[in-house]
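Okay, structure first, notes after.
For this chain, numbers begin at 1 and follow the sequence in order. Only a predicted model underlies this, so the values are computations on that prediction, with no experimental measurement involved.
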Amino acid sequence: MIRENQYLEVEKSVNRILSQGLIFDQLTCELEKLISHKYGALNVDTNPAVININDWKKEDIEFLVKEYSGFSNESIHLFYDALIHLEWDGVKTEVQRNLAEEMGSLTKGVPHLVLMRRGYKQELGVETEGVQYSACTEQLLNKMRTVFRSSNNAYLCGALLALEATATFEFKGVEKILRALKHRIDGGEINADSLTGEYILGHVADGPPGENPEDDHYVGMRSAIGTYITPEKGEALTKGFVAVCTALNAWWENITIEIYARRLDFAASL
Ligand SMILES: [Fe+2]
Ligand SMILES: [Fe+2]
């Protein structure tokens with residue numbers, strides 16, 4: 001049960017990757033493998049919340065959804081922070097395209113966060129407005145804000161790339177969590193035409209390439225960034241990428257521990 005070992009392994013892998021002085025395409029390929037092989041919480045089949053969801057009570061899942069909404073609410077601001085600090089026009093254009101989607105370009109003009117807030121409240125009974133987050137969620141948000149306010153453009157691009165590289169399976173995990181909550185509430189399903197259904201479909205769809213918004217973001221971001229990253233900038237890019245993956249992976253671990261710790265809260269069990 002000593003989990004820092006896995007992060008020391010990440011560091012070793014990162015040092016090995018950096019020692020090779022790779023060109024951008026090879027580097028991104030190695031970074032993708034790093035997520036698959038080293039970050040258990042960033043893969044749907046091994047994410048600690050997703051694999052334990054069947055053992056959790058409705059209150060546990062409600063708590064998780066509320067906490068996760070903190071990150072969802074923050075992500076549009078992270079994109080704006082990046083936009084403010086970016087000097088590379090091609091990447092700025094890609095971030096702006098992403099922001100337009102957040103504001104509703106693919107969801108009938110309704111911003112993603114409006115769909116999320118209303119859907120969570122009306123369909124899942126989870127309030128996400130004016131709520132307090134637990135310490136580990138605040139820690140994640142603070143870390144992300146610091147990373148996305150970096151003035152080193154290569155570092156910032158690494159962070160943006162990581163956000164998109166992790167988004168598809170993160171959303172697939174969140175979809176499973178939301179469906180599990182709906183099932184606990186009334187045994188029902190989340191319909192595609194519901195607010196939450198539209199929110200999910202605005203991010204992940206089981207369609208062919210080009211019809212899955214988050215995969216599309218990753219491909220778009222990778223090609224926009226590739227123009228600017230020379231091998232000398234590879235180290236900064238890698239550090240930004242790994243900083244985001246580490247913060248997200250640690251949050252999923254911490255929030256899962258928090259859920260078990262809450263069950264031991266004496267007052268809550270009375
Ligand atoms: Fe979104
Ligand atoms: Fe995205």
Side-chain angles (χ1 to χ4, degrees), residues 41-76 101-102 104 106-138 140-141 166-207 212-214 248 251-270:
L42 303 182
N43 291 278
V44 181
D45 296 338
T46 46
N47 176 292
V50 175
I51 61 175
N52 286 299
I53 203 87
N54 289 337
D55 295 333
W56 289 357
K57 289 188 279 187
K58 180 166 148 282
E59 298 72 41
D60 298 327
I61 309 177
E62 284 170 344
F63 172 76
L64 175 64
V65 170
K66 186 260 290 178
E67 294 291 319
Y68 185 78
S69 78
F71 176 57
S72 306
N73 270 318
E74 192 64 27
S75 56
I76 187 167
E101 282 187 25
E102 284 301 316
L106 300 179
T107 43
K108 299 174 195 150
V110 185
H112 288 182
L113 290 178
V114 171
L115 289 172
M116 182 197 83
R117 192 177 67 240
R118 291 188 187 151
Y120 283 6
K121 189 170 182 174
Q122 294 169 21
E123 296 162 0
L124 302 172
V126 178
E127 178 62 79
T128 59
E129 213 172 331
V131 293
Q132 297 280 324
Y133 303 120
S134 63
C136 66
T137 301
E138 290 293 352
L140 170 73
L141 302 183
T166 56
T168 294
F169 53 76
E170 190 155 333
F171 244 94
K172 287 193 171 164
V174 170
E175 180 180 6
K176 283 186 197 282
I177 291 162
L178 297 174
R179 290 191 188 284
L181 178 55
K182 176 70 177 158
H183 202 74
R184 289 284 193 299
I185 293 169
D186 58 11
E189 296 295 325
I190 294 174
N191 296 324
D193 61 352
S194 65
L195 292 163
T196 311
E198 282 186 38
Y199 177 62
I200 293 169
L201 283 172
H203 298 94
V204 285
D206 282 330
N212 188 339
E214 289 302 349
L248 285 172
W251 179 80
W252 281 106
E253 292 176 334
N254 289 335
I255 203 71
T256 304
I257 295 166
E258 182 75 23
I259 286 169
Y260 286 116
R262 277 163 48 93
R263 293 185 183 194
L264 303 173
D265 186 339
F266 181 67
S269 65
L270 289 176

Working note: Lys108 + Glu198, criterion salt bridge (charged side-chain N to carboxylate O under 4.0 Å, His left out); need CA distance, chi angles, decisive distance, verdict.
CA-CA 10 Å; Lys108 299 174 195 150; Glu198 282 186 38; 3.8 Å; yes
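- The closest side-chain donor-acceptor pair between Glu67 and Thr137 falls under 3.5 angstrom.
- Across every non-hydrogen atom of Val65 and Val126, the tightest pair is CG1-CG1, 4.1 Å.
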Would Arg117 and Glu129 count as a salt bridge (charged side-chain N to carboxylate O under 4.0 Å, His left out) if you check the C-alpha gap in whole Å, the side-chain angles of each, and the deciding distance to 0.1 Å?
CA-CA 7 Å; Arg117 192 177 67 240; Glu129 213 172 331; 3.4 Å; yes
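- A 4.5 Å side-chain heavy-atom check between Thr46 and Ile51 finds every atom pair outside the cut-off.
- Listed for the Lys66 side chain is a donor-acceptor partner under 3.5 Å among the backbone atoms of Gln132.
- Asp186 places a side-chain N or O within 3.5 Å of a backbone atom of Gly188 that can act as its donor or acceptor partner.
- A distance-only check finds a donor-acceptor pair linking the side chain of Asn47 to the backbone of Ala49 [under 3.5 Å].
- Interatomic distance, His183 NE2 to Lys176 NZ, rounded to the nearest 0.5 Å: 14.0 Å.
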From CA spacing to verdict: side-chain contact (heavy atoms from CB on, under 4.5 Å), Asn52, Tyr260
CA-CA 11 Å; Asn52 286 299; Tyr260 286 116; 3.5 Å; yes
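- Exactly one of Ile255, Thr256, Ile53, Ile259 qualifies for a side-chain contact (heavy atoms from CB on, under 4.5 Å) with Pro48. That residue is Thr256.
- Summarising the geometry, atom NE2 belonging to His112 is positioned 5.5 Å from atom CD belonging to Glu102; distances are rounded to the nearest 0.5 Å.
- The shortest side-chain heavy-atom distance between Trp56 and Leu64 falls under the 4.5 Å cut-off.
- With rounding to the nearest 0.5 angstrom, the OG atom of Ser72 is 5.0 Å from the CE atom of Met116.
- Nearest heavy-atom pair across Ala192 and Leu201 is CB-CD1, 3.8 Å.
- Here the options are Tyr199, Tyr68, Phe71, the test is ring-ring contact (aromatic ring centres under 6.0 Å, His included), and the partner is Phe171; only Tyr199 passes.
- Within 6.0 Å of CZ on Arg179 lie more than 12 heavy atoms contributed by other residues, nucleotides or ligands.
- Nearest heavy atom pair, residue Val50 against residue Ile177, reads CG2-CD1, 4.2 Å.
- Residue Ile200 holds its CD1 atom at 4.5 Å from CD1 of Ile190, rounded to the nearest 0.5 Å.
- To the nearest 0.5 Å, atoms CG (Asp45) and NZ (Lys172) are separated by 10.5 Å.
- No donor-acceptor pair under 3.5 Å is formed between the side chain of Arg263 and the backbone N or O of Asp60.
- Atom-to-atom distance recorded for Thr128:OG1 and Arg118:CZ is 11.5 Å, nearest 0.5 angstrom.
- A donor atom on one side chain and an acceptor atom on the other are found under 3.5 Å apart for Thr196 and Glu123.
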